A.B. asks: 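Right, I'll just put the structure down here and ask away after.
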Amino acid sequence: MADSKQKFRVAICGAGIGGLTLAVALARYPDIDVQVYESAGKLAEIGAGVMIWGRTWKIMTTLGLAEPLRRAAGGPADKDIDPDFGFEYRRSDKLEGHSYFRLSLPFISYLFHRAHFLNVLVDQIPSSIAHLGKRLRAYTQNSPSEPITLEFADGTTATCDLLVGSDGIKSAVRRCMYEGKAAVTRNAELLKHIEPRFSGWVVYRTLVPVEKLTKDGESHRIFHTPMMYCGYRKHVVSYGIAHGKLGNVVGFYSVPVDENTKYDGPWVSEVSRDEVVNCYVGWENEVQELIAPVEKALKWAIHELRPLPTYVDGRVALLGDAAHAMTPHQGSGAGQAVEDAYVLAGILGDPSTTRDTLLQALQAYDYVRVPFANHVLQGSYASGRMYEFWNVEGADYSKLPHAITHQWDWVKEETPEQQIERALKWVQEDSTSKLKQEVGEGGME
Ligand SMILES: Cc1cc2nc3c(=O)[nH]c(=O)nc-3n(C[C@H](O)[C@H](O)[C@H](O)COP(=O)(O)OP(=O)(O)OC[C@H]3O[C@@H](n4cnc5c(N)ncnc54)[C@H](O)[C@@H]3O)c2cc1C
């Protein structure tokens, strides 16, 4: 039952980086009741690195998370940030490697251990609102005046006024949303947005302690400069995390696929050192040194979503990977999840948003977020092709630097704050024009 001081009740389904950021951002509005439902028995992330860009860091700062993140995860103090941050790109698939480009970005990146990052968010959430072991199976949304009902795999149910599906790439909320839309519109084409598609990329992810990457007292270059080691249809990304104690080593290879290829086998499996080493035989020494100490790695078949036409169905919204799971070539999936969360919270928390205006509020979220996040999804895919010399630029070193840099333009485009402002203005204009229409039709007599 809703507390009379609360304007509406939000259920967040999925407590990854996206869902938890939304819970933290909504906690700033005590008149919104928030409950988080998570399928896992505990809130945890895998052992790997994650990088976030200045846009995301700014949100973390606004949410009061900059200091805890710095303490837990070793994010640099603002004064220590290299304003000329960038990856060094090398051609590495021969014994003689060479650098061909330094991506110099005027917008800073922060490198974290994922578990540290998630723990900082978990610490902000009162345990009373986190419901673990709750796997959503489906939701039912009838008339706008009735609550939405959530059905969980354990047979229990819950209700809310607004449901946010932050339940990742295999989202049950997205499945339910798009099955419903396809049935209502009799458009079976919409069903193709339910299943993620295999991107063609397979990735090995592992962490290596700095001691194993130190020779004659000198630590590997990745601890000083984030590196992108490139080869034809393969590349290795590596940088230091956790106060420089760990090297994040991420090796990719790609296979040609058509749009509807299904990946046979598990999406994630543990593989031996030999498999990783064999993938990069003949590469330059610097890469061999990075891979030699690997003991085992997680192998991921990278899937992505075909860009969704909408993230919203009535009072249900998708966020993060549930809405726009993307390839990791711009290190931006988590960042976009955080942006979705921050923008959505900003719209919902505005005094003009009430239980009666939730439909418009979510339309406004859709209006600003769909083009932006879908653009990042598509740019990320194109970037991966460029790193592996199979985009239109091929291995033309005179064209690649410009093409790769251009893919990052979005980072300095409309800020999340500007998106909130534009969304709220859109709601305002929408209701003004509806009011005018009603007056014109004599509806206000
Ligand atoms: C190799 C690789 C490297 C990457 N590197 C970066 C990077 O450097 N920077 C970056 O920004 N992004 C990166 N990403 C992308 C990033 O990991 C994701 O975009 C991000 O974690 C998505 O967060 P999320 O909260 O939307 O989803 P998730 O992290 O998938 O969280 C979803 C949550 O929902 C829960 N759940 C699932 N189903 C249900 C259900 N039915 N009911 C209830 N709960 C459910 C899950 O248990 C999980 O806790 C990378 C991805 C890969 C694969």
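In this text the structure is predicted, and so the values were computed from the model without any measurement. We count ligands from 1, going down the list as the structure has it; atoms in each ligand are counted the same way.
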A.B. asks: If we count only N and O atoms by modelled type, under 3.5 Å, do the side chains of T225 and E88 hold a donor and an acceptor together?
C.D. replies: no
A.B. asks: Is there a nitrogen or oxygen of G18 sitting under 3.5 Å from a nitrogen or oxygen of ligand 1?
C.D. replies: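 There is such a contact, yes.
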A.B. asks: Which atoms from ligand 1 have a heavy atom of A172 less than 4.0 Å away?
C.D. replies: 41 (N)
A.B. asks: Using the salt bridge (charged side-chain N to carboxylate O under 4.0 Å, His left out) rule, take R175 and E195 through it: C-alpha gap first, then chi angles, then the decisive distance, then the call.
C.D. replies: CA-CA 8 Å; R175 171 176 300 281; E195 292 298 333; 2.6 Å; yes
A.B. asks: Below 3.5 angstrom, do we get any N/O pair linking L136 and ligand 1?
C.D. replies: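 Looking only at distances, the answer is yes, because the N/O contact criterion of under 3.5 Å is met.
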A.B. asks: Which atoms of ligand 1 are found less than 4.0 Å from any heavy atom of G320?
C.D. replies: 26 (O)
A.B. asks: Is it the case that atom NZ in K181 sees more than 12 heavy atoms from other parts of the structure closer than 6.0 Å?
C.D. replies: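 Counting neighbours around NZ of K181, more than 12 heavy atoms of other residues, nucleotides or ligands fall under 6.0 Å, so yes.
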A.B. asks: Cation-pi check for Y139 against R315: NZ or CZ below 6.0 Å from the six-membered ring centre and within 45 degrees of the axis, yes or no?
C.D. replies: no
A.B. asks: So is I17 touching ligand 1 or not, going by heavy atoms under 4.0 Å?
C.D. replies: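 It does, in that a heavy atom of I17 comes within the 4.0 Å cut-off of ligand 1.
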A.B. asks: Applying a heavy-atom cut-off of 4.0 Å, say which part of I302 lies close to ligand 1: side chain, backbone, both or neither.
C.D. replies: side chain
A.B. asks: Taking distance alone, with N or O pairs closer than 3.5 Å, would you say V250 contacts ligand 1?
C.D. replies: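 No - when backbone and side-chain N and O of V250 are compared with those of ligand 1, no distance drops under 3.5 Å.
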A.B. asks: Honestly, is K134 close enough over F152, meaning NZ or CZ under 6.0 Å from the six-membered ring centre and within 45° of the axis?
C.D. replies: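 Cation-pi check for K134 and F152: passes.
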A.B. asks: Is the shortest N/O to N/O distance between R205 and ligand 1 below 3.5 Å?
C.D. replies: no
A.B. asks: Any N/O of W300 closer than 3.5 Å to an N/O of ligand 1?
C.D. replies: no
A.B. asks: I'd like to check which ligand 1 atoms, numbered from 1 as shown, lie under 4.0 Å from a non-hydrogen atom of G335.
C.D. replies: 11 (O)
A.B. asks: I need the atoms of ligand 1 closer than 4.0 Å to a non-hydrogen atom of G168, numbered in the order shown.
C.D. replies: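 Heavy-atom distances to G168 below 4.0 Å select 27 (O), 30 (O), 32 (C).
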A.B. asks: Any atoms of ligand 1 less than 4.0 Å from a non-hydrogen atom of R135? List them with their elements.
C.D. replies: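 So the atoms of ligand 1 that pass are 38 (N), 41 (N), 42 (N).
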A.B. asks: Do R422 and Y367 form a cation-pi contact, if we require the NZ or CZ to be under 6.0 Å from the six-membered ring centre and within 45 degrees of the ring's axis?
C.D. replies: yes
A.B. asks: Are Q336 and ligand 1 in contact, using a heavy-atom cut-off of under 4.0 Å?
C.D. replies: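 Judged by the 4.0 Å heavy-atom criterion, Q336 does not count as contacting ligand 1.
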A.B. asks: How does S171 reach ligand 1, if at all, at less than 4.0 Å between non-hydrogen atoms: by side chain, backbone, both, or neither?
C.D. replies: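 For S171, no heavy atom sits under 4.0 Å from ligand 1.
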A.B. asks: Can you list the atoms of ligand 1 that are under 4.0 Å from a heavy atom of C13?
C.D. replies: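 Within the 4.0 Å cut-off of C13, ligand 1 contributes 42 (N), 43 (C).
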A.B. asks: Do other residues, nucleotides or ligands put more than 12 heavy atoms under 6.0 Å from H406 NE2?
C.D. replies: no
A.B. asks: Taking non-hydrogen atoms only, is R114 closer than 4.0 angstrom to ligand 1 via side chain, backbone, both or neither?
C.D. replies: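 Just the side chain.
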A.B. asks: Run the numbers on R369 and D366 for salt bridge (charged side-chain N to carboxylate O under 4.0 Å, His left out), then give the verdict.
C.D. replies: CA-CA 5 Å; R369 289 305 298 162; D366 214 33; over 6 Å; no
A.B. asks: With heavy atoms of S166 as the reference, note each atom of ligand 1 found under 4.0 Å away.
C.D. replies: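 In order of number, 32 (C), 33 (C), 34 (O).
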A.B. asks: Select one of side chain, backbone, both or neither to describe which atoms of A334 lie under 4.0 Å from any atom of ligand 1, heavy atoms only.
C.D. replies: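 Both backbone and side chain.
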A.B. asks: Determine the sole option in E413, E339, E414 for which the salt bridge (Lys or Arg N to Asp or Glu O under 4.0 Å) test with R55 is passed.
C.D. replies: E339
A.B. asks: Under a 4.0 angstrom heavy-atom cut-off, which atoms of ligand 1 come close to K134?
C.D. replies: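 Close to K134: 42 (N), 43 (C).
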A.B. asks: Both conditions, 6.0 Å and 45 degrees, for the charged tip of K170 above the ring of W267: are they met here?
C.D. replies: yes
A.B. asks: Is any side-chain heavy atom of P328 closer than 4.5 Å to a side-chain heavy atom of W201?
C.D. replies: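 In short, these two side chains do not touch, never coming nearer than 4.5 Å.
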A.B. asks: side-chain hydrogen bond (donor to acceptor under 3.5 Å, both in side chains) between E275 and Y204: does it pass, once the steps are laid out?
C.D. replies: CA-CA 9 Å; E275 181 170 333; Y204 301 114; 2.8 Å; yes
